[in-house]
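Working notes, beginning with the structure itself.
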2 protein chains.
Amino acid sequence: MADIKAPTRLLFLREEELRQGIELLYFAYRDFTAGPDEILAGYGFGRAHHRVIYFVGRHPGMTVSDLLGILRITKQSLSRVLGQLVEEGFIEQRAGERDRRQRLLTLTEKGVELERQLSQNQRDRIARAFRGAGADAVEGFRRVMLGIVNEDDRARFDRPREGRA
Amino acid sequence: MADIKAPTRLLFLREEELRQGIELLYFAYRDFTAGPDEILAGYGFGRAHHRVIYFVGRHPGMTVSDLLGILRITKQSLSRVLGQLVEEGFIEQRAGERDRRQRLLTLTEKGVELERQLSQNQRDRIARAFRGAGADAVEGFRRVMLGIVNEDDRARFDRPREGRA
DNA sequence: AAAATGAGTCAACATGGCTGACATAAAAGC
DNA sequence: GCTTTTATGTCAGCCATGTTGACTCATTTT
C-alpha cells in the first residue's frame with residue numbers, strides 16, 4: 001500500500017523500534033487511565049480530579065503553586081477542580097505557618113480513601129507488569145522512562161528519598 | 001506531615017516503587033506530548049488530529065472502524081477531526097474495493113509531511129532515551145510497557161511484523 | 001426482500017484546558 | 001511606613017474533544 005519506509009533493512013528495524021516506543025507510550029497510558037476514569041465518573045469527577053488527589057496524597061502539605069508546577073496547568077483550571085474537591089470534603093486547606101498566604105493542601109480521610117480506591121487499580125496494573133517482566137526489566141523501564149521525562153523533572157525520581165513538592 | 005505509610009521498610013520500598021511507576025507514566029506522557037502539541041496549535045489542530053494522522057500514516061488504507069477501534073472514541077468525535085483533516089487535504093478517502101461502503105484512509109503528501117514533522121520530536125526524544133539507557137534497558141522497557149497494555153492490544157506489538165490495523 | 005453493517009450527520013451536553021482582567025491578603029524591600 | 005511583589009482566588013468567555021441519542025444512506029449479507 002505504498003508504505004513509505006526506509007531504504008535498508010537495518011534502518012527499517014530502527015525506525016520500527018522507535019515507532020513501537022511511541023505506541024507503547026500511547027497504549028499504556030490509554031489503558032492505564034481507563035480504570036480510574038470509570039470510578040471517577042461515579043463521583044462526577046474527571047481525570048483532573050484524580051491528578052490533584054494523587055499529588056496531594058503524595059505530598060501532604062504541598063502548596064497550590066507546588067501543585068501548579070507539577071500539573072503545568074493554569075490556576076484557573078486548577079481552581080475549578082480543587083474548589084470542588086475542597087467543597088465536597090476530599091481536601092483540606094490550611095494557612096501556612098511561615099507564610100500565611102499559602103494554602104497547604106492535605107487529603108481528608110474521605111480523600112485518602114478515594115485516593116486509595118483510584119490508585120489501587122493502577123498499582124495492581126503496574127505490580128502485575130513489574131512481576132511479569134522481572135527486576136532487571138523494571139530497572140530498564142525506569143531508565144528509559146527517566147530519559148523520556150524532561151530533565152528538570154528527573155530530580156523528582158532521585159533514588160530513594162522523595163523530592164520536596 | 002502525618003504521611004500515611006506502610007508498616008515495614010521493605011513494604012515501604014515496594015509501595016514507593018509502584019508509585020514511581022505511576023509517576024513515570026504520568027510525567028513521561030506529559031512531556032512526550034508537549035512538543036507536538038505546540039506544532040499542532042499552529043495549524044489549529046489538537047492532539048486528536050495527531051493521533052489520527054499518526055495511525056493513518058502507520059496503517060495506510062485502514063478503514064474508519066479500524067481507527068475507531070484503536071482510538072476507542074465514538075465515531076462522532078472522530079468524524080469531527082477526520083472531517084477537518086480530509087477537508088484540509090491531509091488525508092484522502094477512497095471506497096474499499098471488496099466492500100464499497102468502507103472508506104480507506106491514506107495520508108496525502110501534505111499529510112505525510114505533517115506526520116513526519118509531528119513525530120520527529122517524539123522519535124528524537126525516544127531515541128535519546130533509548131541510546132542513553134542501553135539495549136538491555138530498552139528490552140526491559142518494552143517488557144514492562146507491554147505488561148501494562150491491555151492483553152487484547154498486545155498482539156499489535158508482536159515481534160517484527162506489523163499487525164493489520 | 002429483509003436485515004445487518006459501514007459510514008456520516010445533527011443536536012445537545014460535559015470536562016478541562018486556555019486567556020485576560022481584576023481583587024485581596026500577606027510578605028519583602030526600600 | 002510605604003511600596004512592590006507574591007500567593008491565591010475569582011469572574012467571564014473561548015476552544016478542543018470527549019459523550020449520548022436519533023437518524024440517514026448505501027451497500028452487503030442473509
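The chains referred to below are lettered A, B, ... by the order of the sequence lines, with proteins before strands, and numbering in each begins at 1. All values reported here derive from a predicted model rather than from experimental measurement.
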Integer-rounded Å distance: [N] [atom2] and [X] [atom1]:
{"X": "A:Leu67", "N": "D:dT8", "atom1": "CG", "atom2": "C1'", "answer": "13 Å"}
{"X": "B:Arg94", "N": "C:dA7", "atom1": "CZ", "atom2": "P", "answer": "13 Å"}
{"X": "B:Glu87", "N": "C:dT9", "atom1": "CD", "atom2": "P", "answer": "10 Å"}
{"X": "A:Arg72", "N": "C:dC18", "atom1": "CZ", "atom2": "P", "answer": "12 Å"}
{"X": "A:Leu104", "N": "D:dA7", "atom1": "CG", "atom2": "P", "answer": "13 Å"}
{"X": "B:Ile91", "N": "C:dA7", "atom1": "CD1", "atom2": "P", "answer": "14 Å"}
{"X": "A:Leu71", "N": "D:dT8", "atom1": "CG", "atom2": "C1'", "answer": "16 Å"}

Discussion item. Tell me which pairs pass ring pair (Phe, Tyr, Trp, His ring centres under 6.0 Å) where either residue lies in residues 111-130 of chain B, with sequence neighbours left out.
Written reply: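 Sorted pair list: B:Phe130-B:Phe141.
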Discussion item. Checking the side chain of A:Arg154 only, and the main-chain atoms of A:Val149 only, is there a donor and an acceptor separated by less than 3.5 Å?
Written reply: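 Flag set: sc A:Arg154 to bb A:Val149 pair under 3.5 Å.
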Worksheet item: Where the side chain of A:Ser119 meets the backbone of A:Glu115, is there a donor-acceptor pair that is under 3.5 Å apart?
Response: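 Flag set: sc A:Ser119 to bb A:Glu115 pair under 3.5 Å.
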Given side chains that start at C-beta, do those of [X] and [Y] come closer than 4.5 Å, heavy atoms only?
{"X": "B:Asp66", "Y": "B:His59", "value": "no"}
{"X": "B:Gln120", "Y": "B:Asp124", "value": "yes"}
{"X": "B:Arg19", "Y": "B:Leu24", "value": "no"}
{"X": "A:Glu139", "Y": "A:Arg142", "value": "yes"}
{"X": "B:Ile22", "Y": "A:Arg123", "value": "yes"}
{"X": "B:Val64", "Y": "B:Lys75", "value": "no"}
{"X": "B:Arg125", "Y": "A:Asn150", "value": "yes"}

Worksheet item: Does anything in residues 34-55 of chain B reach DNA chain C, meaning a heavy atom under 4.0 Å, and if so which residues?
Response: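 Heavy-atom cutoff 4.0 Å gives no residues at all.
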Discussion item. Please list, in numerical order, the residues of residues 75-86 of chain B that have a heavy atom closer than 4.0 Å to any atom of DNA chain C.
Written reply: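 Heavy-atom contacts with DNA chain C come from B:Lys75, B:Gln76.
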Worksheet item: To the nearest 0.5 Å, what is the distance between CG (B:Leu118) and CD (B:Glu38)?
Response: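 These two atoms lie 12.0 Å from each other.
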Discussion item. If the condition is ring pair (Phe, Tyr, Trp, His ring centres under 6.0 Å), which residues does B:Phe55 pass it with, not counting sequence neighbours?
Written reply: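 So B:Phe55 forms a ring pair (Phe, Tyr, Trp, His ring centres under 6.0 Å) with A:Tyr26, A:Phe27.
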Item to complete: Could you check which of C:dA7, C:dC18, D:dA7 has an atom nearest any side-chain atom of A:Ser65?
Response: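 Of the options given, the side chain of A:Ser65 lies nearest D:dA7.
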Worksheet item: Once you build an axis from the first five pairs and another from the last five of the helix from C:dA1-D:dT30 to C:dC30-D:dG1, how far apart in angle are they, to 10 degrees?
Response: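 Inter-axis angle at the ends, rounded: 30°.
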Response to the item:
Once base and sugar-phosphate atoms are separated, protein heavy atoms under 4.0 Å mark nucleotides 25-30 of chain D, 5' to 3', with B, S and - as -BBS--
Discussion item. Quiz question: by atom type and distance under 3.5 Å, do the side chains of B:Tyr43 and B:Glu88 form a donor-acceptor pair?
Written reply: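 No - no donor-acceptor pair under 3.5 Å links their side chains.
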Worksheet item: Base, sugar-phosphate, or nothing for B:Thr74, non-hydrogen atoms under 4.0 angstrom?
Response: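 B:Thr74: base contact, heavy atoms under 4.0 Å.
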Fill in: B:Lys110 and B:Glu92 ion-paired at < 4.0 Å
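Looking at B:Lys110 and B:Glu92, the cut-off is not met.
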